[in-house]
Amino acid sequence: MILEDNEQILQRKKNLQEIIDLGFSAYTHSYKHTHTIREIVNLYADKTKEELETLHIEVRVPGRIRAIRKMGKAAFITYSDGQETLQIYIRSNEVGEKLWKLFELLDLGDLIGATGFLFRTKTNELSIHSKDLEFLAKALTPPPDKHSGLQNKEIRYRQRYADLIANRDVREVFIKRSQIIREIREYFDSHGYIEVETPMLSPLATGAAARPFVTHHNALDITLYARIAPELYLKRLIVGGLDRVYEINRNFRNEGLSIKHNPEFTMLEFYQAYSDYKDLIKLTEELIAGLVEKVCGTLEVEYEENKINFARPWACLTMREAVIKYWPENLTPPTKEELIDPIILSRLVKELGVDIAPSANAGKLLGALFEHLVEPHLNNPTFITEFPTELSPLSKESKEDPRFVDRFELFIAKMELANAFSELNDPVEQRHRFEEQMQQRAHGDDEAMVLDEDYIRALSYAMPPTAGEGIGIDRLVMILTGQRSIRDVILFPHMRPERKNLEQEDSEDSESSEGSENSEDSKKTSENQNAE
RNA sequence: GGAUCCGUAGCUCAGUUGGCAGAGCAGCUGGCUUUUAACCAGCGAGUCGCAGGUUCGAUUCCUGCCGGAUUCACCA
């Protein structure tokens with residue numbers, strides 16, 4: 001078991017039993033209350049001692065015990081609703097023997113309700129003078145240290161409940177996250193979009209360059225993939241005449257973890273018919289600058305010792321302009337034309353020591369140069385446009401130069417935050433692009449995109465000229481809440497399973513595996529399977 | 001997957017140039033009827049991540065493993 005008895009847990013179990021023996025119910029079914037603690041604080045924080053005496057406000061309020069200060073026959077209990085704290089004052093001669101006994105059996109972390117009237121103490125602290133306590137639930141596990149909180153990151157991520165109890169600023173981050181997503185919905189709902197949901201499980205993992213998670217449908221006996229992007233489904237809806245759609249949901253990519261990557265992450269994708277990528281530049285500025293202003297109250301946001309300035313208009317460079325701009329100062333920069341020539345590009349890549357096969361196509365080489373030279377500089381919001389066609393199998397090519405597509409990515413705080421383009425709607429050209437991708441797959445690139453026949457069939461019904469965009473919500477939340485790690489904006493970030501859990505799963509699995517010799521061996525087997 | 005760092009009481013952290021393991025909070029006992037990091041007196045609490053090795057002796061040194069953080073790779 002994960003919950004191991006120690007001195008403190010045993011003591012709390014004993015206290016719980018004594019509470020039950022006194023005739024209180026162990027875990028109550030509900031608690032009718034007049035206020036939450038934050039409501040009390042909001043309503044009465046500015047009332048004076050005299051005002052409270054005159055008003056004599058009777059309240060009934062639940063919360064979690066954070067501290068107990070006992071002075072012989074009277075005591076203060078500080079308790080909290082997670083956001084605000086309030087203190088309860090009780091006297092043994094007022095509550096009676098039984099309730100005083102209950103009080104003495106309370107532990108930090110227990111949930112209780114207090115009934116009484118509001119007053120201010122000698123030191124002017126707003127408090128409930130309580131004559132009736134109700135016991136709501138026992139904390140068998142002691143809460144983290146009341147001053148230093150919970151620091152251990154592993155426990156914070158694995159046991160987010162404990163993190164939320166101990167660290168109030170963590171709660172603030174996730175409240176902000178919720179607010180951000182609400183504001184995004186509000187923006188699209190008020191701009192004629194409808195919110196849709198498309199499959200998370202699909203027979204094809206396509207619409208992005210990434211490796212998928214694989215699963216199996218028993219009844220149909222087929223392989224299914226957790227989606228890597230909703231893109232192709234959303235554009236099917238544009239074909240069907242839903243001219244403006246958006247979806248906020250999870251994507252799953254089977255790749256390494258990092259400070260900026262979680263295997264499941266939340267993506268906003270939206271598509272707008274009869275528009276092109278330039279329309280989305282304006283929309284993106286308006287959406288994100290509006291969000292920043294609402295959530296942060298300013299357009300200048302502090303992030304990792306830098307200031308990010310969201311004042312519009314944002315910088316906009318083509319990929320080749322950006323590469324030339326950030327070319328190492330001691331070297332002669334190439335010309336724009338040189339930056340699409342595969343022979344020159346492979347020479348440049350070698351000279352700069354960029355880690356990519358020099359035999360890659362011109363688009364990939366340019367992309368690698370960009371990542372190497374430019375990305376680390378893009379702190380303020382910057383749109384990068386004019387992507388190589390080879391990197392963009394779903395984008396419409398540029399009228400001026402078919403080697404490039406009408407696409408942009410938005411970078412903020414050195415992170416890719418958004419990706420948008422004019423959608424390729426020519427089914428013949430789309431098939432051609434897919435086939436090129438499939439060729440790359442055949443040559444061992446298992447992230448090249450998979451051909452989707454039904455998507456081509458959908459395009460053959462005619463899709464309007466359309467612009468579409470994806471925005472990484474987790475990264476956006478990181479920037480707006482000042483968090484450096486994506487794990488601090490995801491409630492339950494992906495972690496390796498705890499060893500104790502692994503052992504549990506193994507014993508459940510072992511019924512299907514033939515006579516497993518010892519648990520050490522079967523553990524290794526399951527770890528290997530997970531790794532593949 | 002590679003590199004670096006980390007894992008000591010419920011929590012936050014000291015510490016041991018290899019010799020019986022320490023503090024604050026939390027817990028227990030007692031005192032205290034307006035405290036607020038309450039206070040005062042006393043007490044208990046540990047597989048020093050796990051498994052081996054070296055050693056008279058390992059929490060400390062070495063190796064492997066588990067878990068975490070950071071970073072590189074992967075991942076636009």
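Lettering of chains follows the sequences in order, A, B, ..., and the numbering in each one begins at 1. We use all heavy atoms of the structure for the numbers below, so side chains are in, but hydrogens, waters and symmetry mates are not.
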Between [X] and [N], is there a contact of a side-chain N or O with OP1 or OP2 at under 4.0 Å?
X: A/R253; N: B/rC75; answer: no
X: A/R156; N: B/rA69; answer: no
X: A/Q11; N: B/rC28; answer: yes
X: A/R66; N: B/rC25; answer: no
X: A/R496; N: B/rC66; answer: no
X: A/R158; N: B/rG68; answer: yes
X: A/K146; N: B/rA26; answer: yes
X: A/R91; N: B/rU34; answer: no

Give [X] one of three labels, base, sugar-phosphate or nothing, depending on what nucleic acid heavy atoms sit under 4.0 Å from its own.
X: A/N93; result: base
X: A/R407; result: base
X: A/T121; result: base
X: A/F370; result: nothing
X: A/Q87; result: base
X: A/I155; result: sugar-phosphate
X: A/R211; result: sugar-phosphate
X: A/F411; result: nothing
X: A/K70; result: base
X: A/G256; result: base

Between [N] ([atom2]) and [X] ([atom1]): distance, integer Å:
X: A/N419; N: B/rC75; atom1: CG; atom2: C1'; answer: 14 Å
X: A/K153; N: B/rC13; atom1: NZ; atom2: P; answer: 12 Å
X: A/E104; N: B/rG31; atom1: CD; atom2: P; answer: 10 Å
X: A/D445; N: B/rC74; atom1: CG; atom2: P; answer: 13 Å
X: A/Q483; N: B/rU70; atom1: CD; atom2: P; answer: 12 Å
X: A/M415; N: B/rC75; atom1: CE; atom2: P; answer: 19 Å
X: A/R69; N: B/rA26; atom1: CZ; atom2: C1'; answer: 15 Å
X: A/E154; N: B/rU8; atom1: CD; atom2: C1'; answer: 15 Å

Nearest-angstrom distance, [atom1] atom, [N] to [M]:
N: B/rU35; M: B/rG10; atom1: C1'; value: 25 Å
N: B/rA58; M: B/rC48; atom1: C1'; value: 11 Å
N: B/rA14; M: B/rA23; atom1: P; value: 16 Å
N: B/rC25; M: B/rG2; atom1: P; value: 44 Å
N: B/rU60; M: B/rG15; atom1: C1'; value: 10 Å
N: B/rA26; M: B/rG1; atom1: C1'; value: 42 Å
N: B/rG44; M: B/rU59; atom1: P; value: 23 Å
N: B/rA51; M: B/rC66; atom1: C1'; value: 10 Å

| Given RNA chain B, 5'-ward residue of the pair A/S92 and A/E371, judged by closest heavy atom |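 Comparing both residues, the 5'-ward one is A/S92.
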| field | First encountered from the 5' end of RNA chain B, between A/M71 and A/P144 | value |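 By nearest-heavy-atom nucleotide position, the 5'-most residue is A/P144.
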Using both distances under 3.5 Å as the test, list the Watson-Crick or G-U wobble partner of [N], or none.
N: B/rU33; answer: none
N: B/rC28; answer: B/rG42
N: B/rA23; answer: B/rU12
N: B/rU54; answer: none
N: B/rG1; answer: B/rC72

| message | Can you tell me how the ring of A/Y277 sits relative to the ring of A/F408, calling it parallel under 30°, perpendicular over 60° and tilted otherwise? | response |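 A/Y277 vs A/F408 ring planes: tilted.
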| query | Going by the angle between their ring planes, with limits at 30° and 60°, are A/H377 and A/Y326 parallel, tilted or perpendicular? | reply |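 Answer is parallel, since the angle falls under 30°.
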Flag the pair [X] and [Y] as a salt bridge only when some basic side-chain nitrogen lies within less than 4.0 angstrom of an acidic carboxylate oxygen.
X: A/E371; Y: A/K364; answer: no
X: A/R407; Y: A/E409; answer: yes
X: A/E104; Y: A/K70; answer: yes
X: A/E386; Y: A/R320; answer: yes
X: A/R64; Y: A/D81; answer: no
X: A/K138; Y: A/D107; answer: yes

Quick one: which of [options] gets closest to the side chain of [X]?
X: A/Q151; options: B/rA69, B/rU35, B/rU12; answer: B/rU12
X: A/E255; options: B/rU35, B/rG67, B/rC75; answer: B/rC75
X: A/H261; options: B/rU12, B/rC75, B/rC25; answer: B/rC75
X: A/K122; options: B/rG27, B/rA73, B/rU35; answer: B/rU35

Is it the case that [N] (base atoms only) and [X] (side chain only) share a donor and an acceptor within less than 3.5 Å, ignoring hydrogens and angles?
X: A/Q8; N: B/rG27; value: no
X: A/D145; N: B/rG24; value: yes
X: A/E7; N: B/rG10; value: no

| How far does CG of A/D341 sit from CZ of A/R403, to the nearest 0.5 angstrom? |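 A/D341 atom CG to A/R403 atom CZ measures 9.0 Å (nearest 0.5 Å).
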| Test log, rule side chain to side chain donor-acceptor pair (under 3.5 Å), inputs A/K235 and A/Y455 | CA-CA 8 Å; A/K235 283 188 276 190; A/Y455 176 63; 3.2 Å; yes
